[in-house]
Each structure stands twice: as structure tokens, then as C-alpha cells.
Amino acid sequence: MNDQPDPPAPGADPTTAGPVVDPAAAAPAPEVLPVTGVPQKGKRQGLVGGPEHLGTPGAPLDRTAPYLIGFLGGLGFVTAYWLGTTLLAIGSTLLLVVVALFIAAGLNPAVEFFEHRGLRRSWAVLVVTLVFLGAIALFVVAIVPVITDQVASLTANAPVWFDQLLQNPKIQKLDEEYQIVEKAQDYVAGGDFVTGLFGGVLGFGIALLGALFNLFIVLVLTLYFLSALETTKGALYKLAPASRRDRVTRLGDRIVASIGGYVSGAFLVALCAGLTSLVFLFAVGLGEYAVALAFVVALLDVIPMIGATIGATIVTAIAFATDVRTGLICVVFYVVYQQLENYVIYPRVMASSVDVPGAVTVIAALVGAALLGVVGALLAIPTAAAVLMLTREVFVRRQDAR
């Protein structure tokens with residue numbers, strides 16, 4: 001006998017015939033997609049009523065495709081061009097920042113000097129700042145009027161020296177052939193000389209205001225960098241990996257110390273040149289212009305290579321205009337002094353700060369002057385010293401270890 005009930009006839013009502021079936025048990029099992037493994041309780045219906053098939057994922061994009069290489073290369077070129085134009089646009093501002101960092105590094109040894117005497121860094125920075133500002137104020141109040149009077153005296157005596165120069169037979173012969181004196185007088189009297197330099201009175205005023213503003217910006221940035229030098233160095237050192245941070249810190253501190261030593265040494269050498277010139281000028285009878293000329297010598301002596309020669313040339317020219325014998329004495333004095341400075345004073349002062357061969361010094365100064373003028377010449381030698389130190393400590397040691 002068959003105990004199973006007969007199936008309901010077609011078209012019969014299922015609620016009146018056959019056993020009761022649980023709807024949950026009769027529901028189809030959830031579908032698991034083969035790609036994602038996420039159960040889906042139903043199939044999405046496509047536009048025509050069937051399940052929608054989204055396709056099989058393709059292979060990764062070929063990174064060696066010519067189009068992709070060209071696109072990325074063009075994007076890199078555009079980015080590099082944009083960065084280059086941006087750096088050129090803010091080049092003057094970056095130069096002020098670099099000069100301020102340079103001066104701050106030069107004043108840092110003075111701050112460390114007071115720190116080693118028991119002062120906190122904040123108080124040491126305050127003392128150095130006050131001394132620095134006091135020196136500037138003393139220069140403005142005491143020395144500038146003297147220099148102004150002596151420059152005025154030089155200007156007043158210039159026509160007399162010019163007339164004496166015209167008495168020279170060779171100058172007279174050249175003037176007869178080429179009318180040099182007449183052309184020079186017309187050029188200066190017509191104002192073309194000043195106009196060519198500064199673009200007239202208005203241009204001169206704008207140039208002067210711009211120079212004063214840049215000086216103020218450099219002064220403010222110098223004081224800020226000096227007070228936050230340790231914090232700034234620490235933040236920069238943290239950009240290096242932890243495994244190399246100690247070595248980067250040591251190299252960075254060595255570079256900052258070298259820059260500070262070079263700046264301090266350069267100012268010390270310039271001060272020595274200025275004081276020596278001051279004593280010499282009083283001794284040979286040029287005391288009327290001694291302070292102004294000594295200041296010019298000290299200021300130009302900061303410029304590597306050519307600064308001392310330019311200062312000596314200016315002093316010697318004025319001495320020859322005053323008296324031929326005094327001019328000859330100036331020639332002998334500055335030739336002897338420059339040899340003493342180049343081979344005795346400068347090496348002893350710079351021995352503990354920078355170690356740059358003479359040929360590298362010349363090349364670095366020439367390149368720096370060609371790129372950034374006087375500022376580039378000032379920054380060239382400590383930059384060359386830093387590059388040489390990094391080359392010895394990183395590249396050469398790596399090559400020796402191979």
C-alpha cells in the first residue's frame with residue numbers, strides 16, 4: 001500500500017488538498033556569488049527580465065603602455081615646470097630667507113657662548129639680540145655722520161683731483177684724440193648716469209625704500225631663526241628615518257657649526273682689515289678720510305677673493321689723487337697686508353670652521369657670484385665646505401666600505 005497522499009490535481013486549490021508545507025522550508029537557498037562570496041537573496045532583473053551579468057574583471061592596466069608612459073611623463077614635466085616658475089617667482093623672498101638663516105647661524109656661536117656660561121637659551125638670545133641691535137644703533141649714530149662728512153669732503157675735492165689728472169700729458173693726448181673728458185662731463189651733467197643706475201629720482205627713492213624694507217625683513221627673520229634655531233633643526237631632523245636620524249643630526253649640527261664659524265671668522269677678518277686700515281690711514285696723513293675708507297675696506301673685505309682687492313684699490317686711488325708718494329706707500333702696504341691676511345690671518349681664523357682647498361674656494365666663489373652676485377659669493381664658501389664634508393662622510397665612506 002502507498003501511504004503517500006496523491007498530488008493535487010492540476011488547477012486544484014492547494015489550501016484544500018494535500019499536507020501543509022512550511023513556506024520558509026520551501027524558499028530557495030541564498031545564492032553565493034563566486035567572486036565576492038556575499039549571499040544574495042535574489043537575482044537582479046535586467047532590462048529584459050533576466051539576471052544582469054556585469055562581466056568578468058579584466059587584467060590590471062599595463063604600466064608599460066606607451067600612452068600611460070607618455071601621459072605620466074607629460075604630467076611630470078608640467079609639474080616640474082610649475083615648480084620651477086614658482087621658485088623663480090619667489091626667488092627674491094627665498095634669498096632673504098637664506099641670508100637670514102646664514103646670519104642666524106653666524107650669531108649662534110655667540111648664543112652658545114652665553115649658554116655655556118649658565119644662561120638659558122632664551123636669555124642668551126636676548127643678550128645677543130640686544131648687543132646686535134646696539135652695534136647697529138652705535139654705527140648709525142656715531143659712524144654714519146662721520147662717514148657722511150668724509151664722503152662729502154671727498155666729493156668736494158673730486159673736481160680738484162680731476163683737474164690735476166688733466167695735467168697729465170698722456171691724459172691730455174687721449175682727450176685730444178677721443179674727447180674723453182668732454183663726453184664724461186656731458187654724461188654726468190646731463191643726469192644720464194644717475195638715470196641709468198636708478199631710473200631717475202623716483203627710481204632711486206623706490207630702490208632705497210626696497211633696500212630698507214629688505215633689510216628690515218632680514219633683521220626680523222634673523223632674530224626669529226636665532227631664537228627658534230634648535231626647534232627648527234629638530235623638526236628638520238625628524239624628517240629623516242629613525243635608523244639614520246642620529247647620523248643626520250650629527251651631520252646637520254656640523255654643517256650649522258661650520259656656517260656659524262665661517263660667518264664669525266669672516267667678520268673677524270674684516271674687522272681686522274678695517275682697524276689696520278684705520279691706523280695706517282691716520283699714520284700716512286689721510287686722517288680726514290680715514291674712518292670712511294676704513295669702513296669701506298672692512299665692508300668689502302667680507303666678499304671672498306675680490307673684496308679686499310677692491311677696497312685696497314679705492315683707498316690707493318684716493319691716496320694717489322692726494323699725493324703720489326702717499327699712493328705708493330698705500331700700494332706697498334696693501335700688497336704686504338693682503339699676503340699677511342691670505343696666508344696668516346685667514347687660515348688661522350678659519351682653521352676650525354671650514355676646510356676648503358684653495359682651488360675649490362676660487363671656483364665656488366666664481367660660481368656663487370655668477371648665480372647670486374655678492375650674496376652668492378658670500379654663501380659659496382660655507383656651501384662648498386658643507387658639500388665637501390657630506391661627500392667625505394657619505395659617498396667616500398660608502399665607497400671605502402665596498
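Using a distance-only test at 3.5 Å, with no hydrogens or angles considered, a donor-acceptor pair links the side chain of Ser264 to the main chain of Gly106. Put simply, the side chain of Thr85 gets close to the backbone of Trp82: a donor and an acceptor are under 3.5 Å apart. Formation of a donor-acceptor pair under 3.5 Å by the Asp301 side chain with backbone atoms of Val297 is not found in this model. Side chain of Ser227 to main chain of Tyr224: a donor-acceptor pair is present (N/O by atom type, distance under 3.5 Å, no hydrogens or angles).
The heavy-atom pair separating Val302 from Ala270 by the smallest distance is CG2-CB, 3.6 Å. Minimum interatomic distance between Cys330 and Thr316 (heavy atoms only, all atoms of both residues): CB-OG1, 3.9 Å. Ala298 approaches Gly274 most closely through the heavy-atom pair CB-CA, 3.8 Å.
Leu271 is not listed as a side-chain neighbour of Phe267, based on a closest heavy-atom distance of 4.5 Å or more. Contact annotation: the side chain of Asn108 never approaches that of Glu115 to less than 4.5 Å [non-hydrogen atoms, C-beta and beyond]. Side-chain contact between Val344 and Gln339 is absent, with no heavy-atom pair separated by less than 4.5 Å. When side chains are defined from C-beta on, Arg250 does not count as touching Arg247, because their heavy atoms never get closer than 4.5 Å. Met389 has its side chain within reach of Arg254: a pair of non-hydrogen atoms, C-beta onward, lies under 4.5 Å apart. The closest side-chain heavy-atom distance from Tyr81 to Val78 is not below 4.5 Å.
Note that CD1 of Ile345 is 9.0 Å distant from CG of Leu268, once rounded to the nearest 0.5 Å. To the nearest 0.5 Å, atom CD1 of residue Ile318 and atom CG of residue Asp323 are 14.0 Å apart.
Each of Ile103, Thr129, Leu133 was scored for a side-chain contact (heavy atoms from CB on, under 4.5 Å) with Leu219, with one residue passing: Leu133.
Side chain to side chain, Asn342 and Tyr337 fail the donor-acceptor criterion of an N or O pair below 3.5 Å.
Shown here is Arg244, whose CZ atom has no more than 12 heavy atoms of other residues, nucleotides or ligands within 6.0 Å. For Lys238, the NZ atom sits in a loose shell: 12 or fewer heavy atoms of surrounding residues, nucleotides or ligands are nearer than 6.0 Å.
Aromatic ring pairs are classed by plane angle as parallel below 30°, tilted from 30° to 60° and perpendicular above 60°; the pair Phe333 and Phe280 is parallel.
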